[in-house]
Student: 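Take this structure first; my questions come after.
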Amino acid sequence: MPRRLLVTSALPYANGAIHLGHLVEYIQTDIWVRFQRMQGHEVTYVCADDTHGTPIMLRAQSEGITPEALVERVYGEHTRDFFGGEEALRSGKLGGFLVSFDNYHSTNSPQNRAFCEDVYTQLKNAGLIQIRSVEQFFDPVKSMFLPDRYIKGECPKCAAKDQYGDSCEVCGSTYSPTDLKNPYSAVSGAAPVRKASEHHFFRLSDPRCESFLRQWTQGGEHVQSEAGNKLKEWLGEPGENKLADWDISRDPPYFGFEIPGTDGQKFFYVWLDAPVGYFGSFRHYCERVGKTQAQMDAYLRPGSDTELVHFIGKDILYFHALFWPAMLEHAGYRTPSKVFAHGFLTVNGEKMSKSRGTFITARSYLDLGLNPEWLRYYYAAKLGATMEDIDLNLDDFVARVNSDLVGKFVNIASRCAGFLSKRFGGVLAETDAGASEVMALLAQSAQTVATHYEDREFGKAIRRIMELADAANQYVDAQKPWELAKDPANAPRLHAVCSTAIGFFRVLTLYLKPVLPRLAEQVEDFLNIAPLSWSDAQRTLPAGHRIDDYKHLMTRIDTKQVAALVDANKESLQPTPAPSPARHAEQQQHAEKPAASAHINIDDFAKVDLRVARIVNADHVAGADKLLKLDLDVGVLGTRTVFAGIKSRYDPEQLKGRLTIVVANLAPRKMKFGTSEGMILAASDDSGGPFLLAVDDAAKPGMKAK
RNA sequence: GGUGAUGUAGCUCAACUGGUUAGAGCGCCACACUCAUAAUGUGGAGGUUGAGGGUUCGAGUCCCUCCAUCACUACCA
């Protein structure tokens, strides 16, 4: 009974180039999809560019073009990287990284708009949309609200200049934009002002969502067990109400879809229409190939036996395993059958780095003439079903591909084909009866390899296939066709041995076909056979079948090519793209953290305003395990309220009246129990603490410590 | 600070619910072979399984502590 599957990869954001980190996902998905097709299942694999949001809008502005024009250009780039672009589709010969989408679309489409409006309306009818006022930074020059990443300023912790509103690239601390000192808009440079606006929220905290998600995420049915654990953490214990409502609206100017009934005053947040874009792309596909509404509904509405499978990176698990299923469930759509999360890509054991040249774009890889199937093979060999990161070790990449693919696999054909074409006119003989054991091993492995592919244990599949390739080489070695060739009397034996080895090669090709589709096609041409499907593993080529002359199928990777690749991606050789404020389907956005320098100078130290303070009042904080609330007299600077994590050692009563040191110019920090307006200094290490600093009695509150 | 994950030969990875001398591929060394765009075969060296404790007849596998890396998170302000 063929399964019917709708499979997706996360939508890449339309403001940047595809890189090797992205490709892990598209290659993983494509291998799985191609495997399912070989099984005879009905698979529809859709994806799209994720096109909306502030970053796209601003980038288009800075380039002096419309967002639509930007999005169209990037669409061209992405599709060219993935599968060779439109022209490849027309010719039927995929290029790029050979990703076999059935449809690649855009979130900026009428199909997607219709789904977004419908999902929103259904959620609203279900009482799951709430409107609340939210105060945010606003750029008075540009007349627009600023996402966190567009507010820059000095890091509240280390005072580094020009840091983003969410985290400091110098000291690595995270904070909210309101903590920044001297904030300014990264768009206009103006000082942002606080401004309130109505926002639409999806009420994820609603008990209906929570109870649904609790059962949906647990049990290992829809997500990997590790992901389930993570989700459990996010969900918290029943009654904890850890899920926060989700702000799904944005104010104009915004490149996106208008929220119905808001008169152009509210737009859908890009993260709402991104996952909905899976459906938009699918509808576009259905229209294109003439599917009926009923056929489409079989995939999108509850109650049918179709499967909806999402491949994503672990960084967007929250969206795909919480927001997305909860939205679908309450908007009358089916929920995903599976959400498969993978890990990040590291290169040579480290985060991809522009300065090291390991932030490698798909385009540079292809343009330098590297074979996409090398990378597909290497990723396959490294991929498993978990969310663990995978490492692209460039030396290992070269060694692995060269020895496995060229040395072992392709070599089997190469070493026998010459005899067949020169001595026997390319006509195959009966297979060698003496090889039945190896033959059986090959055929019987179909199930094992299939299970590994199905379970996304591609590394295990590859290992098994290479064991089989070893067995095939051992067979050839034992039969020594080159010796048989010396005596014409041995011709029948030589014929059988080479035919048998070619038969082995055919089965190995079949097993590798999901990973190496182009090579498999070349082999199918070479062998004069119809496209291989999984069940062909149980058959052999008949005697008398004629194959073509062998043309070499794959070259080895030259280390120089890899060196050139790294070189071409060195940051100095290319303009630095603006950091992406929204991550979406992007992975690898983590910036490297430069090591903090060992010394600071006197000016750095002077930035810290240390003052003597008198604790005029100290109180327990209801519900807090570690915090005390302190009222400080800081002399000329007035009074401050500070929360300090010193409850474990100090009784509020004994603190009253004593002098200590406070960091007076630390940005106010909003904490769970109130805002802390400074920081008390205390010493601690593993052996004990915290111990408050003491100040001699003669000191006066407000005195500067230096 | 908390939680979770990871840490196994030079490299990349295995080892089901704890069970015989911890495996494989690559690389390396030796030998063999020469059909194959130096590919292949056979054999070998190489690990106190991050460190230290503990449970057990027996631990890479379970428990505790520590170290390192990564991720998430916070009442470290």
Student: Let's test your reading of the pairing rules: Watson-Crick or G-U wobble, both distances under 3.5 Å, then write RNA chain B as a dot-bracket string with ( ), [ ], | and dots.
Tutor: (((((((..((((.....[...)))).(((((.......))))).....(((((..]....))))))))))))....
Student: If I take atom CG in residue A:Asn393 and atom P in nucleotide B:rC11, what distance separates them, rounded to the nearest angstrom?
Tutor: 9 Å
Student: Looking only at the side chains, is there a donor atom on one of A:Asn473 and A:Arg415 sitting less than 3.5 Å from an acceptor on the other?
Tutor: yes
Student: Mind checking the C1' distance from B:rG60 to B:rU6? Whole angstroms is fine.
Tutor: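 Here B:rG60 and B:rU6 have their C1' atoms 14 Å from each other.
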Student: Check the distance between B:rC26's C1' and A:Asp395's CG and give it to me in whole angstrom.
Tutor: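 Those two atoms, CG and C1', are 12 Å apart.
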Student: Here's one to test your reading of the geometry: is the NZ or CZ of A:Lys551 within 45 degrees of the ring axis of A:Phe526 and under 6.0 Å from its centre?
Tutor: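 Negative - A:Lys551 is either too far from the ring of A:Phe526 or too far off its axis.
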Student: Taking the side chain as every heavy atom from C-beta outward, state whether A:Ile615 and A:Tyr650 have any atom pair closer than 4.5 Å.
Tutor: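 No, too far: nothing below the 4.5 Å cut-off.
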Student: Between B:rC26 and B:rG41, how far apart are the two P atoms, rounded to whole Å?
Tutor: 8 Å
Student: Does a nitrogen or oxygen in the side chain of A:Lys382 sit under 4.0 Å from OP1 or OP2 of B:rC13?
Tutor: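 For B:rC13, OP1/OP2 do have a side-chain N/O of A:Lys382 under 4.0 Å.
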Student: In whole angstrom, what separates A:Lys230's NZ from B:rU73's C1'?
Tutor: 7 Å
Student: Nearest to the side chain of A:Asp391 - B:rU12, B:rA14, B:rU42?
Tutor: B:rU12
Student: Return the value, rounded to whole Å, for the distance between atom CG of A:Leu375 and atom P of B:rU12.
Tutor: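 The answer, rounded to whole Å, is 17 Å.
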Student: Determine whether a donor-acceptor pair (N or O, by modelled atom type, separation under 3.5 Å) exists between the side chain of A:Glu226 and the backbone of A:Met387.
Tutor: yes
Student: What is the distance, to the nearest angstrom, from the NE2 atom on A:His620 to the C1' atom on B:rC75?
Tutor: 15 Å
Student: Please examine the side chains of A:Arg611 and A:Lys704, heavy atoms only from C-beta on, and report whether any two atoms are closer than 4.5 Å.
Tutor: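 Side chain of A:Lys704 against side chain of A:Arg611, heavy atoms only: contact under 4.5 Å found.
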Student: Could you check how far CD of A:Gln474 sits from C1' of B:rC35, rounded to whole Å?
Tutor: 17 Å
Student: At a heavy-atom distance below 4.0 Å, what parts of residues 398-411 of chain A sit against RNA chain B?
Tutor: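 A:Ala399, A:Arg400, A:Ser403, A:Asp404, A:Gly407, A:Lys408, A:Asn411 - these, ordered by number, are the residues of the stretch whose heavy atoms sit under 4.0 Å from the strand.
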Student: Can you identify which nucleotide, out of B:rA15, B:rC75, B:rC35, has its nearest atom closest to the A:Leu627 side chain?
Tutor: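 The listed nucleotide nearest to A:Leu627's side chain is B:rC75.
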Student: Suppose you measure atom C1' in B:rA45 against the same atom in B:rG4; what distance do you get, rounded to whole Å?
Tutor: 39 Å
Student: Are the side chains of A:Thr217 and A:His222 in contact, using a 4.5 Å heavy-atom criterion?
Tutor: no
Student: Please state how far atom CZ in A:Arg464 lies from atom P in B:rA14, giving the value in whole angstrom units.
Tutor: 17 Å
Student: Applying side-chain contact (heavy atoms from CB on, under 4.5 Å) between A:Leu516 and each of A:Leu405, A:Val523, A:Leu553, report the one that passes.
Tutor: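 So, applying the side-chain contact (heavy atoms from CB on, under 4.5 Å) to A:Leu516 and each of A:Leu405, A:Val523, A:Leu553, only A:Leu405 qualifies.
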Student: Counting only non-hydrogen atoms, which of residues 476-499 of chain A are less than 4.0 Å from RNA chain B?
Tutor: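 When residues 476-499 of chain A is checked for heavy atoms under 4.0 Å from RNA chain B, the hits, listed by number, are A:Asp477, A:Trp482, A:Lys486.
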Student: With P as the reference atom in both, quote the distance from B:rG19 to B:rC13 in angstrom, rounded to an integer.
Tutor: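 Here B:rG19 and B:rC13 have their P atoms 24 Å from each other.
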Student: Indicate yes or no: at least one non-hydrogen side-chain atom of A:Trp246 is less than 4.5 angstrom from one of A:Leu322.
Tutor: no
Student: Mind checking the C1' distance from B:rU69 to B:rG50? Whole angstroms is fine.
Tutor: 11 Å
Student: Do A:Phe344 and A:Asp315 have side chains that get closer than 4.5 Å, going by heavy atoms?
Tutor: yes
Student: Output the single nucleotide from B:rA71, B:rU40, B:rC11 whose closest atom is nearest the side chain of A:Lys351.
Tutor: B:rA71
Student: Closest nucleotide of RNA chain B for A:Ser414 versus for A:Val642: which of these residues is on the 5' side?
Tutor: A:Ser414
Student: Can you tell me how far C1' in B:rG7 sits from the matching atom in B:rU20, rounded to whole Å?
Tutor: 27 Å
Student: Could you tell me how far B:rU17 sits from B:rU42 if I compare only their C1' atoms? Round to whole Å.
Tutor: 38 Å
Student: Whole angstroms only, please: what is the OH-C1' distance between A:Tyr650 and B:rC75?
Tutor: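 Interatomic distance, OH of A:Tyr650 to C1' of B:rC75: 18 Å.
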Student: Report yes if some heavy atom in the side chain of A:Thr639 is under 4.5 Å from a heavy atom in the side chain of A:Asp631; otherwise report no.
Tutor: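 They are not in side-chain contact.
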Student: Under the 3.5 angstrom rule, does the side chain of A:Tyr453 hit a backbone N or O of A:Tyr511 as a donor-acceptor pair?
Tutor: yes
Student: For B:rA68, decide between syn and anti, treating a glycosidic angle within 90° of 0 as syn.
Tutor: anti
Student: How far does the C1' atom of B:rU21 sit from the matching atom of B:rU49, given to the nearest Å?
Tutor: 15 Å
Student: Does atom CD of A:Glu454 have more than 12 heavy-atom neighbours from other groups under 6.0 Å away?
Tutor: yes
Student: What's the closest nucleotide to the side chain of A:Lys460 if the choices are B:rA15, B:rG41, B:rA77?
Tutor: B:rA15
Student: Of all the nucleotides listed (B:rC35, B:rG25, B:rC13), which has the minimum atom distance to the side chain of A:Arg463?
Tutor: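 For A:Arg463, the side-chain atoms sit closest to B:rC13.
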Student: Identify the residue among A:Glu467, A:Arg464, A:His452 that makes a side-chain hydrogen bond (donor to acceptor under 3.5 Å, both in side chains) with A:Ser445.
Tutor: A:Arg464
Student: Please check if the distance between the ring centroids of A:Phe323 and A:Tyr318 is under 6.0 Å.
Tutor: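 Close enough - the centres of the two rings lie under 6.0 Å apart.
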Student: Taking for each residue the nucleotide of RNA chain B bearing the nearest heavy atom, is the 5' side occupied by A:Asp389 or by A:Lys551?
Tutor: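 Result of the comparison: A:Lys551.
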